[in-house]
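Note that these values count all heavy atoms, side chains included, but never hydrogens, waters or copies made by symmetry.
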Amino acid sequence: MAQKTIMQLVDDIDGTELDQGAGETVTFALDGQTYEIDLSSENANKLREVVAPYLAAGRRVGRPAVRTGKRSQPGSSAAEIREWARSNGFQVPDRGQIPKSVREAFDKR
């Protein structure tokens with residue numbers, strides 16, 4: 001018996017199902033807490049517009065709070081990594097941070 005897993009990326013704000021390449025995972029930090037959100041390109045642009053004045057008035061400090069390790073292969077989306085992980089027996093959450101061990105395994109494939 002064959003098994004086929006289908007990963008569907010959904011905009012976390014409006015619930016829109018996104019076609020492959022039509023959305024992105026945006027990572028940001030506030031008050032020392034890092035967040036990830038899956039958004040359509042339109043909603044990602046809206047988020048950037050809203051925070052733009054604060055970014056312009058703010059200052060960068062140290063290393064980005066966003067990354068705890070090296071980034072997976074360039075161009076690898078969170079959805080792609082999750083799909084690969086599930087098809088290779090890893091358990092990963094539908095949203096949020098992908099475990100470091102899964103990213104490392106993805107990078108070594």
Side-chain angles (χ1 to χ4, degrees):
M1 174 187 338
Q3 182 178 4
K4 183 176 183 179
T5 303
I6 299 173
M7 172 59 84
Q8 180 69 50
L9 187 62
V10 176
D11 186 301
D12 291 329
I13 295 296
D14 62 21
T16 303
E17 293 182 3
L18 305 171
D19 294 329
Q20 189 171 9
E24 58 187 286
T25 300
V26 178
T27 305
F28 61 98
L30 181 65
D31 296 333
Q33 180 65 49
T34 303
Y35 302 86
E36 270 190 353
I37 187 168
D38 297 323
L39 297 171
S40 65
S41 297
E42 180 182 345
N43 281 338
N45 288 335
K46 287 179 184 178
L47 173 62
R48 289 182 178 102
E49 287 174 14
V50 168
V51 299
Y54 299 95
L55 295 175
R59 59 191 166 276
R60 292 182 181 209
V61 292
R63 295 177 22 212
V66 178
R67 302 286 176 231
T68 58
K70 79 172 194 169
R71 180 79 173 159
S72 291
Q73 298 172 0
S76 301
S77 70
E80 179 183 1
I81 296 169
R82 284 185 173 93
E83 181 178 352
W84 174 88
R86 289 185 178 119
S87 66
N88 285 277
F90 291 91
Q91 291 185 352
V92 291
D94 291 335
R95 297 177 45 168
Q97 189 170 359
I98 296 171
K100 182 179 177 182
S101 60
V102 173
R103 285 190 180 271
E104 288 172 350
F106 177 82
D107 290 338
K108 289 180 184 177
R109 62 185 166 99

Interatomic spacing from [atom1] in [X] to [atom2] in [Y] - rounded to 0.5 Å:
X: Ser41; Y: Leu18; atom1: OG; atom2: CG; value: 8.0 Å
X: Tyr35; Y: Gln97; atom1: OH; atom2: CD; value: 13.5 Å
X: Lys4; Y: Ser87; atom1: NZ; atom2: OG; value: 12.5 Å

Notebook entry, point to check: Is it true that Glu42 and Lys46 have a side-chain N and a carboxylate O under 4.0 angstrom from each other?
Noted result: yes

Next item on the list: Answer yes when Arg86 and Asp94 have at least one side-chain N-carboxylate O distance shorter than 4.0 Å, and no when they do not.
Entry: yes

Item checked: Side chains of Arg82 and Ile98 in contact at under 4.5 Å (non-hydrogen atoms) -> yes

Check: By salt bridge (charged side-chain N to carboxylate O under 4.0 Å, His left out), which residues pair with Asp14, not counting sequence neighbours?
Finding: none

Notebook entry, point to check: Is a side-chain N or O of Arg95 found less than 3.5 angstrom from the main chain of Ile37, in a donor-acceptor match?
Noted result: no

Notebook entry, point to check: Within the distance-only criterion (no hydrogens, no angle test), does the side chain of Asp38 pair as donor or acceptor with the backbone N or O of Asp12 below 3.5 angstrom?
Noted result: no

Notebook entry, point to check: Taking the inter-plane angle between the rings of Phe106 and Trp84 on a 0 to 90° scale, is it parallel (under 30°), tilted (30 to 60°) or perpendicular (over 60°)?
Noted result: perpendicular

Do [X] and [Y] sit in one hydrophobic cluster, given that two such residues count as connected whenever their side-chain heavy atoms are within less than 4.5 Å of each other, even indirectly?
X: Val26; Y: Tyr54; result: no
X: Leu39; Y: Val10; result: no
X: Ile81; Y: Phe90; result: yes

Which heavy atom of [X] sits nearest a heavy atom of [Y], and at what distance?
X: Ala78; Y: Thr25; answer: CB-OG1, 3.6 Å
X: Ala85; Y: Val92; answer: CB-CG1, 3.8 Å
X: Ala79; Y: Leu9; answer: CB-CD1, 4.4 Å

